[in-house]
Amino acid sequence: MTDGYARRPRVGLFVTCLVDLMRPSVGFAAARLLHEAGCEVVVPRAQTCCGQPAYNSGDRESAKTLALATIAAFEGLDYVVAPSGSCAAMLKLHYPRLMSGDDDSERRARGFAERVHELLSFLVDVRGLASVPGNYAGKVTYHDGCSGLRELKVSGQPRQLLAMMPEIELIEMPATQACCGFGGLFSIKFPDISNAMVSAKTASIDQVAPELVLAGDLGCLMNIAGKLSRQGSKIGCRHVAEVLAGETADPPIAHPRAAS
Amino acid sequence: MTKTAAFEAGVSAALANEALQHALADVPAGFVAGRARQKAALPEFEGLRRTARDIRDHTLAHLDAYLEEFERNAVSAGSTVHWAATADEAREVVLSICRAAGARTIAKSKSMVSEEIALNAALEAQAMEVVETDLGEYLIQLRGERPSHIIAPAIHLRAGDVADEFRLRHDHLDASRDLATPEVMVAEARSVLREKFLAADVGITGANFLVAETGSAIIVTNEGNADLTMSLPKVHIVLTTIDKLVPTLADAWPLLRLLARSATGQAFTAYTTIVTGPRRPEDDAGPQSCHVILLDNGRSELLQSEFRPILRCIRCGACMNHCPVYCAIGGHAYDSVYPGPIGAVLTPALAGVGEAGHLAQASTFCGRCEEVCPVEIPLVSMLRGWREQAFAASDDWRSRTFLRAWVQLAKRPRAYGLAARIAAAILSALAGAKGILRRLPFGERWTRQRDFPAPQGTTFQDLWKRRERDEGPAP
Amino acid sequence: MSRNRILSAVRGALDPSHAPARRSAASARIASAPKHPRPNIAKLEGDERIARFAECLAALGVDRIEVQAADEVPAAIATYLSARGLPLRLRRGEDNILASLPWHHASDLVVDIGPAQADDAVGLSRALAGAAETGTLALASGPGNPVTLSFLPDTHVVVLCEQAIVASYEDAIARVLAENGGVVPRTINLVTGASRTGDIGGKIVMGAHGPRRLAVILIRDGAQRT
Ligand code: SF4
């Protein structure tokens, strides 16, 4: 542990609306990893969405409303951790900016932001996690999601965590830091550009032909998996937490459900 | 057709244009690799960016004082300084200088400001011949196009396109001549343009920087065309804007150390020229008069807005070279003078949010532009700023209603949870065992080109609740 | 009048009441220009500096000819031109140092004097400084070295004394100003390699408008060989 907590810190899991709706297994994987890292995991009922879609659409008022609700939902916890670079950046960097001009709220947002972390960087930088439950054997590649990479500097940590699994083979694709073209509402506002971007991404992936594409953001993953699926590719996509936690019972994103 | 619809049509055309896609595959990537090499070779690169940002910020924060200093020193070096509040005024000033000089032929070196004020058309309307001398600008002038990149205006053309154009336009030359390589084409352009240089009465350049301390303009080119433009004709016009100032020569070097490295990936541009006034009595070359036109065209308004940082821009083009949207669609699809991230921020300021606000929408906010910008302009925040203005002014009731309804829902965790539960169940059921939806009700903008991954079927909140109930409080 | 309109708009944007303070801050900065941090490549000394300059010239494709003394320059130029099959004829300005060279040592070399003419093949100038950081030559306009000589001819030959190689652009400009009696010449031309363009299909081609070929004659005069 590098954060100096003697007792088990209470970590509020910010599930993110995509994980809640689309892929609960990522939430369970995150909870498992946090538990491994010696944390008590709490999932506040009152959380919904961080407000990023409103914020990035220019609707500051709505974003602020949701931001205040989110801050309130995580009152009293030692940390707030999200399995998403994009949501974590919203909570950590943009909430205080959103409140600027309103001293009281800004103070609250700053206090909140200090406790917020993206999952993978939290595990490595704050909790110094030294081993992971998962033991994936096979060839994977990792896509650097933009917000995590550029806003929160998440890049070494996921690779460090993956390297804890002896039988995994991480092969870097070309242009791993290039945007996949998701961009939230961008993907449906400008589908053609988005498609051109994700096509470039799947072309990079094809060059290294992994079994799995991993990333720390479900938005990117849905976009990449959706494109790979349309291209008839067999390559799977998973949130990196699933692999690290060994929570891989569910099929990869956009893959057929196992016959039950 | 709305602006957004027109933009989308341009985008589709660009994506379907194979020649363009070919051109875009190589050139920006070459610039990106070049910049990366330069950055790796200069350990102080990131520190220099901070210095550069501070220099620009200091200048902007004292802009009135430096403008006056510049004017005083430029005048004492023998230049005439003109002020133009609008594009109209700037054109008028250029026209009257050219008229007074009896100009028939005007040589121009690359200037984005002249694009901004649509200068060439105004000069041509007065029966003056304008010749663009930067090779890329010359090519697009022949084709009647607009620059598709601020430092590589003809980046959308391939060598073969240029050969075709030359055969068509240089019709005084043997039609069966060999134009197989860029080398022969450059030689041909050089000899055609050399004639024009020698005939030109007026030379117009832009300026990369203006130096308040000395009243100088700093102009960089790789071709040397600006130097011929400012040395051979009897009149030199520097057409530039009020944001181009730096306080002293000492302040220019950190910016110049970054400019070429960020732009083309060179350590320094071939020709960096500090020009101060017209020829001196003892000189045997150079123009008899030198005019500096300081154009505002919306900059002073930006200065007092949240968008002030955009005025730091040194027009290196790195943001567009590194922009995945620009690299997918090229410059013309933006249908604005300045394309790419800088264009998406600057154009709404120059043309109004109603005209160009949609450009700020066409970004994933991936942030690569601000990561490379040599003067650390927070381009993403600026784009978001325009989205906020557009949202406030918008009559797009559909997205407003949608956003507001969704926020109402998200404000109510119970209702939200219920809605999520229903959505997850329905989508999952629709997908069946396939794990995907090939078509999504209301979502064909996604599913036209991608499958939609099916949700696992139950929400996390529900499952977690169940787990807490079954196992007691979570581990 | 536009001048006042623009200035008052700028002043308004910046808070008009502080205009006097801004004016004095600006004059102070101009009176004593800031010393910004320079990268290491712009701080090299001695042999390292000379070596960097040479490396940069090589990387830029600039020909470099070393001579031990100024006397050797005319013959070196003649040898250089004939080795490349170029006409043995050049044009130079009235620069004192260039004028004092023993041109009769290269008797088959024709030397014209004055600003460049359209059909000159070779221009000769003297650079007042060389900045090692990027292999950049600093030239000043004037009758000594008419600026057209640097741009019109196909081949540009530049004479540079080794002592004039400095570390940085800052130092190069200081040298130019010192040689020019403290007066800023009409143009200071910083030349880093020959003219080039990448505008046709992204391929770099030399000799876009200015010279295709750049050669530096480096006079070691008095410098110790290492
Ligand atoms: S915004 Fe920055 S990166 Fe883009 S052109 Fe301007 S200075 Fe260059």
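Closest heavy-atom contact between A:L21 and B:A423: CD1-CB, 3.9 Å. Of all heavy-atom pairs spanning B:Y416 and A:C49, the tightest one is OH-CB, 4.4 Å. Taking both residues in full, the closest heavy atoms of B:A328 and A:A196 are given as CB-CB, 4.1 Å, listed atom of the first, atom of the second, then distance. Across all non-hydrogen atoms, the minimal contact from A:F28 to B:F460 is N-CE1, 3.5 Å. Contact detail for A:L66 and B:A410: the closest heavy-atom pair is CD2-CB, 3.7 Å. Across all non-hydrogen atoms, the minimal contact from B:P455 to A:R257 is O-NH2, 3.8 Å.
Between the CG atom in A:N56 and the CG atom in B:L383 there is a gap of 10.5 Å [rounded to 0.5 Å]. Atom OG1 of A:T65 and atom CD of B:Q408 lie 8.0 Å apart (nearest 0.5 Å). The CD atom of B:E388 sits 9.0 Å away from atom CG of A:D59, with the distance rounded to the nearest 0.5 Å. Taken to the nearest 0.5 Å, the CE atom of A:M222 stands 12.5 Å off from the CD1 atom of B:I436. If you take CZ on B:R400 and OG on A:S57, they are separated by 11.5 Å, rounding to the nearest 0.5 Å. In this structure, CD in A:Q177 is found 11.0 Å from NE2 in B:H322, a value given to the nearest 0.5 Å.
In this structure, no portion of A:S86 lies under 4.5 Å from any heavy atom of chain B. Heavy-atom distances place the side chain of A:L13, and not its backbone, under 4.5 Å from chain B. Interface remark: A:E151 contributes no atoms to any contact with chain B (heavy atom separation under 4.5 Å). Proximity to chain B is absent for every atom of A:A69, based on heavy atoms less than 4.5 angstrom apart. With a 4.5 angstrom heavy-atom cutoff, B:Q361 touches chain A via backbone and side-chain atoms both. Only the backbone of B:T458 comes within less than 4.5 Å of a heavy atom in chain A; its side chain stays farther off. Proximity to chain B (any heavy atom under 4.5 Å) is shown, for A:C17, by both the backbone and the side chain. Neither the backbone nor the side chain of B:R421 has a heavy atom closer than 4.5 Å to any heavy atom of chain A. Only the backbone of B:K434 comes within less than 4.5 Å of a heavy atom in chain A; its side chain stays farther off. For A:I188, the parts lying under 4.5 angstrom from a heavy atom of chain B are both the backbone and the side chain. For chain A, the nearby parts of B:A362 are the backbone and the side chain; heavy atoms of each come within less than 4.5 Å. Contact of A:M197 with chain B is made through the side chain alone, with heavy-atom distances under 4.5 Å. Neither the backbone nor the side chain of B:W386 comes within less than 4.5 Å of any heavy atom in chain A. Residue B:L15 touches chain A through its side chain alone, counting heavy-atom pairs closer than 4.5 Å. Looking at A:R45, the atoms closer than 4.5 Å to chain B (heavy atoms on both sides) sit in the backbone and in the side chain alike.
For the set B:A424, B:S12, B:A454, B:S363, the count of heavy-atom pairs under 4.5 angstrom toward chain A peaks at B:S363. The most heavy-atom pairs under 4.5 Å with chain A, out of B:A392, B:A431, B:S428, come from B:S428. In terms of heavy-atom pairs under 4.5 Å with chain A, the best-connected choice from B:E8, B:R404, B:E444 is B:R404. Among A:I253, A:L221, A:L149, A:D250, the residue with the largest count of heavy-atom pairs under 4.5 Å with chain B is A:D250. Per-residue heavy-atom pair counts under 4.5 Å with chain B were compared for A:G184, A:S194, A:G145, A:A73, and the maximum is reached by A:S194. When B:C327, B:G432, B:G385, B:A14 are compared by the number of non-hydrogen pairs under 4.5 Å with chain A, B:G432 comes out ahead. In terms of non-hydrogen atom pairs under 4.5 Å with chain A, the most contact-rich of B:L427, B:T447, B:L409 is B:T447. Per-residue counts of heavy-atom pairs under 4.5 Å with chain B were compared for A:S25, A:G181, A:P251; the largest is that of A:S25. Here B:A433 is the residue among B:A433, B:G367, B:G443, B:S381 with the most heavy-atom pairs under 4.5 Å with chain A. For the set A:P191, A:C146, A:A63, A:G51, the count of heavy-atom pairs under 4.5 angstrom toward chain B peaks at A:P191.
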*asked:* Run B:Q449 and A:D192 through side chain to side chain contact (heavy atoms under 4.5 Å, CB included) and show every step you take.
replied: CA-CA 8 Å; B:Q449 288 143 324; A:D192 291 341; 3.3 Å; yes
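Ring to ring, B:F7 and A:F190 are close: their centroids are under 6.0 angstrom apart.
Within 6.0 Å of CZ in A:R97 there are more than 12 heavy atoms belonging to other residues, nucleotides or ligands. Counting heavy-atom neighbours within 6.0 Å of B:E18 CD, excluding the residue itself, gives a total of 12 or less. Within a 6.0 Å radius of CZ in A:R7, more than 12 heavy atoms belonging to other residues, nucleotides or ligands are found.
When atom types are taken as modelled, the side chain of A:D20 and the backbone of B:Q461 share a donor-acceptor pair closer than 3.5 angstrom. Without hydrogens or angle criteria, B:R368 side chain to A:A178 main chain gives no donor-acceptor distance under 3.5 Å. Between the B:E371 side chain and the A:R150 main chain, no donor and acceptor come within less than 3.5 Å of each other.
Inter-residue side-chain proximity for B:R384 and A:R60 is flagged as unmet; no heavy-atom pair is nearer than 4.5 Å.
When each of A:C179, A:S147, A:C180 is tested with B:C366 by the rule side-chain contact (heavy atoms from CB on, under 4.5 Å), just one qualifies, namely A:C179.
For the residue pair B:R450/A:S187, the side-chain donor-acceptor check at 3.5 Å is not satisfied.
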